[in-house]
Amino acid sequence: MLRFHNTLSGRLEPFTPLHPPRVNMYSCGPTVHDYAHIGNFRTFVFMDILQRTLRARGYDLQYIMNITDIDDKTIAKSAAAGVSLADYTEKYTAAFFEDFDTLRIQRPDVICKATEHIPEMTRLVQILLDRGLAYVSDGSVYFKIAAFPEYGKLSKKDFDGLRSGARVDVDEYDKENARDFVLWKGKKEGEPHWETTFGDGRPGWHLECSAMSMAYGGQTLDIHCGGADLVFPHHENEIAQSEGATGETFVRFWLHSEYLIVNGEKMSKSTGNFYTLRDLTDKGHNPVAIRYLLMSTHYRKQLNFTEEGVRQAQAALDRIHEFVDNLGRRKLPAGDHRDMTDLCDAAARRFDEALDDDLNTAAAQAALFDFIRDVNRRLDAGEVGETDRARVMAFIGKMDAVFDILPAADDAAAEADADIAALVKQREEARRTKNWAEADRIRDELAARGVILKDTPEGTVWKKN
RNA sequence: GGCGGCGUACCCAAGUGGCUAAGGGAGAGGUCUGCAAAACCUCGAUUCAGCGGUUCGAGUCCGCUCGCCGCCUCCA
């Protein structure tokens with residue numbers, strides 16, 4: 001039984017979609033004004049585990065993600081760079097999905113850009129105006145929080161005091177209440193704008209997620225997720241806009257991932273602890289190790305990202321890879337063992353139960369390592385047959401459908417260096433004739449090239465360091 | 001000030017009242033090996049920030065103290 005922590009209730013709840021097996025899931029994507037950083041990817045890896053788990057459980061998932069390609073930052077930066085907004089955001093949108101590939105994050109089924117959904121947004125604004133939940137002021141349209149009593153239910157904030165009391169100074173816009181948020185920003189000189197019946201301008205940030213998520217996922221979404229920092233005000237505002245317009249529950253399950261911090265403090269460019277994925281891969285870190293590290297802490301707990309952590313993750317990853325390689329090249333007798341069948345079944349069950357429990361990836365990793373140790377023990381004892389191997393690999397395949405941490409087939413091919421293979425063969429011949437001096441010479445030569453040799457009962461295998 | 005979270009071995013990290021506190025890294029032994037390396041196996045917390053309390057029983061619940069962090073403004 002799959003269950004998730006719902007931010008709305010603050011509790012773990014059994015997950016059931018509104019219309020099984022269909023699941024509509026929306027997550028807040030990037031504002032494409034720069035390269036995404038490692039903190040962003042913590043959240044996107046979490047979403048990746050979420051979508052893969054849902055698919056592994058047989059759900060017919062439609063995963064929707066937006067691209068914010070118009071906002072203050074994108075407008076300002078594109079202008080500063082002297083390129084069009086579209087050209088500017090296209091560059092960083094492409095970079096964003098390149099990073100997805102690098103981290104093996106599966107792409108959403110629907111990727112929607114704000115600028116391509118202006119009609120959906122203006123329709124939503126008009127409905128809110130018609131229903132008295134929004135008002136025009138000084139050319140812009142604002143959502144009237146006082147008209148939506150449930151405002152604050154997601155972030156557990158009480159705005160009663162603020163509504164009647166102190167009014168914060170509002171310099172630029174004329175709002176009835178300081179907490180009212182902008183739906184539609186009035187036209188400004190030099191900024192992109194669209195014509196509407198309630199005034200020319202451009203959408204406010206919160207609007208796009210309500211409009212696009214409902215356009216693709218319907219009035220009531222099964223899951224909406226994002227980083228914890230979006231709970232307020234972004235998601236709170238989405239609820240107000242959406243439920244205000246439809247009168248229906250907007251989202252049934254809200255899932256939020258906690259912050260990633262770096263070296264114990266919040267990532268910021270000024271303190272020099274700000275990493276993009278590219279910074280880390282340039283330093284030689286394996287992106288799959290980064291992926292592994294990002295899923296080794298539960299998503300609702302802060303993760304302190306360090307390069308030492310990446311190294312530890314790489315070591316853990318190596319152990320898994322080693323296990324699969326070793327199992328693959330062993331010569332095994334035909335047949336199977338009852339004990340091995342039970343072992344595989346139990347591992348698969350434990351792995352699934354861990355993920356079912358609010359995506360407990362750390363516990364799922366532990367299940368994997370326990371399994372690896374148990375199989376290694378039996379391998380040493382000669383208690384693993386060909387059929388057992390197939391069962392082990394079947395579980396490994398199931399695991400990797402969610403974790404996606406095993407080497408891709410073409411990775412292995414890329415490593416197949418004929419020159420190295422020839423030297424390894426020469427050394428094996430030297431060893432066969434007990435020409436130890438020559439064998440050691442070749443070993444040293446390869447070591448100098450970063451190649452590590454492993455003399456196994458099945459022959460010598462090698463890998464690049 | 002309001003809301004929320006965290007503090008488990010040298011490091012990372014599970015644990016959502018009840019058999020001997022998962023797992024990974026590092027470390028220490030051992031097996032294999034021509035020697036190595038790699039790999040594999042084994043061993044590592046009478047103890048869960050501290051102090052009280054509830055309970056037959058608490059790392060797990062309650063209270064207080066100390067330390068750390070997030071949100072309350074754009075932010076994954």
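Interatomic distance, A:Leu280 CG to A:His37 NE2, rounded to the nearest 0.5 Å: 12.0 Å. With rounding to the nearest 0.5 angstrom, the CD1 atom of A:Ile67 is 8.5 Å from the CE atom of A:Met212.
Atom CD of A:Glu445 and atom P of B:A36 are 23 Å apart (whole Å). Between the CG atom of A:Leu294 and the P atom of B:A13 there is a distance of 12 Å, given to the nearest Å. When the C1' atom of B:U16 is taken as reference, atom NZ of A:Lys301 falls 14 Å away, rounded to whole Å. Distance NZ (A:Lys175) to P (B:U73): 10 Å, rounded to an integer number of Å. Computed from coordinates, the A:Ile372 CD1 to B:A39 P distance equals 13 Å when rounded to whole Å. As rounded to whole Å, 16 Å separates atom P of B:C40 from atom CG of A:Asp455. Per the geometry, NZ belonging to A:Lys434 stands 7 Å off P belonging to B:G34, to the nearest Å. In this structure, the CD atom of A:Glu208 is 14 Å from the C1' atom of B:C74, given to the nearest Å.
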What does the list of N/O pairs under 3.5 Å between the protein and nucleotides 67-71 of chain B look like, with a distance for each?
{"residue": "B:C69", "atom": "O2'", "partner": "A:Gln302", "partner atom": "OE1", "Å": "3.1"}
{"residue": "B:C69", "atom": "O2'", "partner": "A:Gln302", "partner atom": "NE2", "Å": "2.4"}
{"residue": "B:G70", "atom": "O4'", "partner": "A:Gln302", "partner atom": "NE2", "Å": "3.3"}
{"residue": "B:C71", "atom": "OP1", "partner": "A:Lys266", "partner atom": "NZ", "Å": "2.7"}

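Taking a pair to require two hydrogen-bonding distances under 3.5 Å in either a Watson-Crick or a G-U wobble arrangement, B:G34 remains unpaired. Nucleotide B:G27: paired with B:C43 (Watson-Crick or G-U wobble, both distances less than 3.5 Å). Under the Watson-Crick or G-U wobble criterion, with both distances below 3.5 Å, B:G70 is paired with B:C3. Checking B:A14 for Watson-Crick or G-U wobble geometry (two distances, each under 3.5 Å) identifies no partner in any strand. Pairing partner, B:C61: B:G53, with both Watson-Crick or wobble hydrogen-bond distances short of 3.5 Å.
In the region residues 71-80 of chain A, proximity to RNA chain B at under 4.0 angstrom, judged on heavy atoms, holds for A:Lys73.
Annotation: B:G59 and B:G25 have their C1' atoms spaced 23 Å apart (nearest Å). The gap from the C1' atom of B:U16 to that of B:U8 amounts to 16 Å, rounded to the nearest Å.
Distances shown here put every side-chain N or O of A:Asn376 at or beyond 4.0 Å from the OP1 or OP2 atom of B:A39. Contact annotation: A:Thr297 reaches the phosphate of B:A13 (side-chain N/O to OP1 or OP2, under 4.0 Å). The phosphate of B:U73 has OP1 or OP2 within less than 4.0 Å of a side-chain N or O from A:Arg179.
Note that A:Lys398 lies outside the cation-pi zone of A:Phe351, set by a 6.0 Å cut-off to the ring centre and a 45° limit from the axis.
Residues A:His5 and A:Asp358 bring no donor and acceptor atom of their side chains to less than 3.5 Å of each other.
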Annotated protein contacts, base or backbone, on nucleotides 19-32 of chain B with a non-hydrogen cut-off under 4.0 Å, one of B, S, - each:
---BSBS-------

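Legend: residues meeting salt bridge (Lys or Arg N to Asp or Glu O under 4.0 Å) with A:Asp109, ordered by chain and number and at least two apart, are A:Arg55. For A:His321, the side chain to side chain donor-acceptor pair (under 3.5 Å) test picks out no residue, with sequence neighbours left out. Checked against ring-ring contact (aromatic ring centres under 6.0 Å, His included), A:Phe181 has the following partners two or more places apart in sequence or in another chain: A:Phe143, A:His206.
Using a 4.0 Å cut-off between charged nitrogen and carboxylate oxygen, A:Arg378 and A:Asp339 count as a salt-bridge pair. For A:Glu445 and A:Arg441, the salt-bridge test passes: some basic side-chain N is under 4.0 Å from an acidic carboxylate O.
When each of B:A76, B:U33, B:C6 is scored by its nearest atom to the side-chain atoms of A:Arg431, the top-ranked nucleotide is B:U33.
Among A:Tyr299, A:Tyr259, A:Phe41, the single residue meeting the ring pair (Phe, Tyr, Trp, His ring centres under 6.0 Å) criterion with A:Phe46 is A:Tyr299.
The shortest distance between side-chain heavy atoms of A:Ser213 and A:Phe250 falls below 4.5 Å.
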Check step by step if side-chain contact (heavy atoms from CB on, under 4.5 Å) holds for A:Lys283 and A:Tyr275.
CA-CA 11 Å; A:Lys283 282 184 161 190; A:Tyr275 296 119; 4.1 Å; yes

